[in-house]
Amino acid sequence: MLKNMFKKTYTVIDNRYKTQRKEEEPSIPQGLWRKCNKCGQPIYVEDVTNNFYVCPKCGGYFRVHAYRRIEMLVDEGTFEEWNSQMDFSNPLNFPGYEKKVQAVREKTRLNEAIVTGKGEIGGQKAAIGVCDARFLMSSMGHVVGEKITWMVEEATRQELPVIIFACSGGARMQEGLVSLMQMAKTSAALKRHHEAGQLFVSVLTDPTTGGVTASFAMLGDIILAEPNALIGFAGPRVIEQTIRQKLPEGFQRAEFLLEHGFVDKIVERKDQKKVLAQILQLHKQKTPGTFEEGLGKYAAGVNTGRTLENLRGSADICPGNGRQEGKTAWETVQLSRASNRPVATDYMEELFDDFVEFHGDRYFGDDGAIVGGIASFQGMPVTVIGQQKGKNTKDNIKRNFGMPSPEGYRKALRLMQQAQNFGRPIICFVDTPGAFCGLEAEERGQGEAIARNLFEMAALTVPVLSIVIGEGGSGGALALAVANQVWMLENAIYSILSPEGFASILWKDSKKAPDAARVMKITAADLYERGLIEQIIPEEEPASLETLPMLADMIRYKMEEFLFRYEAMSPEEILEERYQRFRNI
């Protein structure tokens, strides 16, 4: 009886608490609050809208309607929709398909699963396609394929870059093989667009799967992705059912693809307009006089306070100048390896504007020992690639101590071929003890990757400049140095292999490395004297972050001369000069 009394008392108190709590809860108008389907927390709808449709509590991304995304990205009043209405057909006479499409049309107020047109992003014109997952999971039927193909063809005619925001469950099952053929149709249109020298940026959103992944979505010159987007050919459920194994956490997400070399960059939604505008600007056809205008400002000291006239008057800028007196070759080797010596990204930051780094070889992975992307030099778009050493132990491990793997060389080659397609000069910064010689590098074809770079770089019709900023070790360095000109910093080295390796092989004693350094003739002065390099960049003091600004000024000055010279040359002349450079060695 006592037990029942306590139970009854507890129930009364609990009911009063619930009633009081209910009375204290604010009256919330319907529609102002939603539950996040990622974290389960209540979120204010206006906060989500203002946060680019990203949960302000967990950072989860919500799918965005096509017109909403266009509002977020395209400059106000510039979007012109193409093919807003297209006739529907049921190629297989699939039962119920027409009614289903009609119902989705009424619900979404969309004609089909993609909206296409042209507009401006940050003042840069582009053809734009945006998939909408509300329309049959944005599956690709014949209308979607036709809208994409027509947009790409029109963009090619108007010489516009193409940007497509992909989101799809894949091919549309109700259309059978007709749907499958859209994969080839869209890909063929993009091939013509590519051969016309026009840019295609693919942006992968959640989810991008099936036939869309296996066609236009993965064919971008540049491939961006939203954080944590599901991207893959076969969906996770299909894979698990096929192999009967649980998939690892993060499998087929954007970060997984970045790590495995298939995505150039993951871009948060709030940054997408800025990044796309930057990419479009760097791919814009060069306006006559832009480069010359940039040089004029630099010559007047606008950027640095140090004028070109001052540099021209300096004896230190003379080709081949180097103060090797009193310094042994082995001392130069040690300076080239100094831990405080600037790395490739330091020079990139100092010399270029608007650098956008791209990742991946599109085959296997992204190698941290190679950094590359596009940038602006005095208003001229350039492709910049560097072998990157770390600045501390953790960074060195990430960069593999500057020793590239096959995927690093393949990434570099991909960026060079992209530069060739868009007519951009290529600037390479060489700094490696040598290519990585581990088991996995051999399994993935280290020798073939280096050989392929030498083979393809020999055929580039854009000017290539390679600057040895630290160590230039063997074929691992040469794979970024098949250039029209090769320059070296005064305390850099360039050799067939390390002095330690040379001494060990020829003299069976690695301790004779200092003697090897002397007889190998690997310093900048030695190599200039033998006609193997074109310029020496003097180091008043050994290169460091403190001396970097002056070093960068000298490099900038010589780069201006280099680019001026090659701007006046035809592609055939550039190609022949590079061939003869190596032919005459």
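Start at 1 with the first residue, then count along the sequence. Hydrogens, waters and symmetry mates play no part in the numbers below; they use all other heavy atoms, side chains included.
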Give the ring-plane orientation class for H260 versus F364, where under 30° counts as parallel, over 60° as perpendicular and anything between as tilted. perpendicular
Salt-bridge present (K512, D515; N to O < 4.0 Å): no
Distance in Å, Q485 CD paired with W487 CH2, rounded so as to fall on 0.5 Å steps: 6.0 Å
Take L478 and Y494 through the test side chain to side chain contact (heavy atoms under 4.5 Å, CB included) and record every step on the way to the result. CA-CA 9 Å; L478 183 61; Y494 194 4; 3.6 Å; yes
Does the side chain of Q272 pick up a donor-acceptor pair with the side chain of E226 at under 3.5 Å? yes
Any sub-3.5 Å donor-acceptor pair from R414's side-chain atoms to G360's backbone N or O? yes
Has the side chain of H283 got a donor or acceptor atom that lies under 3.5 Å from a matching backbone atom of I279? yes
Partner of N491 by side chain to side chain donor-acceptor pair (under 3.5 Å), out of E541, E539, R337: E539
One should read off an interatomic distance between D431 CG and S336 OG, to the nearest 0.5 angstrom, of 8.0 Å
Member of H359, K411, R362 meeting the side chain to side chain donor-acceptor pair (under 3.5 Å) criterion with D264: R362
Set out, in order, the CA-CA distance, both residues' side-chain angles and the distance that settles side chain to side chain contact (heavy atoms under 4.5 Å, CB included) for Q417 and E456, then state yes or no. CA-CA 8 Å; Q417 291 172 330; E456 298 295 345; 4.1 Å; yes
Side chains of Q388 and T345 only: does a donor on one sit below 3.5 Å from an acceptor on the other? yes
Can you name the closest pair of heavy atoms from G122 and A277 and give their distance? CA-CB, 4.0 Å
Does the side chain to side chain contact (heavy atoms under 4.5 Å, CB included) test come out yes or no for E540 and T547, once each step is laid out? CA-CA 8 Å; E540 291 283 350; T547 63; over 6 Å; no
Starting from the C-alpha separation in whole Å, work towards a yes-or-no answer on side chain to side chain contact (heavy atoms under 4.5 Å, CB included) for M554 and Y557. CA-CA 5 Å; M554 288 187 279; Y557 168 48; 5.7 Å; no
Can you name the nearest heavy-atom pair linking I533 to R581, along with the distance? CA-NH2, 4.0 Å
Write down the atom of D553, the atom of R556, and the distance for their closest heavy-atom approach. OD1-NH1, 2.6 Å
Contact summary for A369 and G402, nearest pair of heavy atoms: CB-C, 4.1 Å
With the threshold set at 4.0 Å, does a side-chain nitrogen-carboxylate oxygen contact exist between E561 and R565? no
Strictly below 4.0 Å, N to O, side chains only: are K558 and E534 in salt-bridge contact? no
Pair E576, Q580: side-chain N/O donor-acceptor within cut-off below 3.5 Å: yes
Distance (rounded to the nearest 0.5 Å) between Q446 CD and E440 CD: 10.0 Å
Under 3.5 Å, side chain of T328 to main-chain N/O of E331, donor-acceptor pair present? yes
Atom pair CZ/OG1 of F233 and T209 - distance to nearest 0.5 Å: 9.5 Å
Taking all atoms of both residues into account, what is the closest heavy-atom pair of Q420 and V462, and its distance? OE1-N, 3.6 Å
I'd like to know if the side chain of R269 and the backbone of P227 have a donor-acceptor N/O pair within less than 3.5 Å. no
So, are K270 and E268 salt-bridged, with charged N and O less than 4.0 Å apart? yes
Just checking, is any N or O donor in the side chain of Q245 or E240 under 3.5 Å from an acceptor N or O on the other one? no
For the ring pair H194 and F200, is the centre-to-centre distance below 6.0 Å? no
Please report the closest heavy-atom contact between R444 and P406, naming both atoms and the distance. O-CB, 3.7 Å
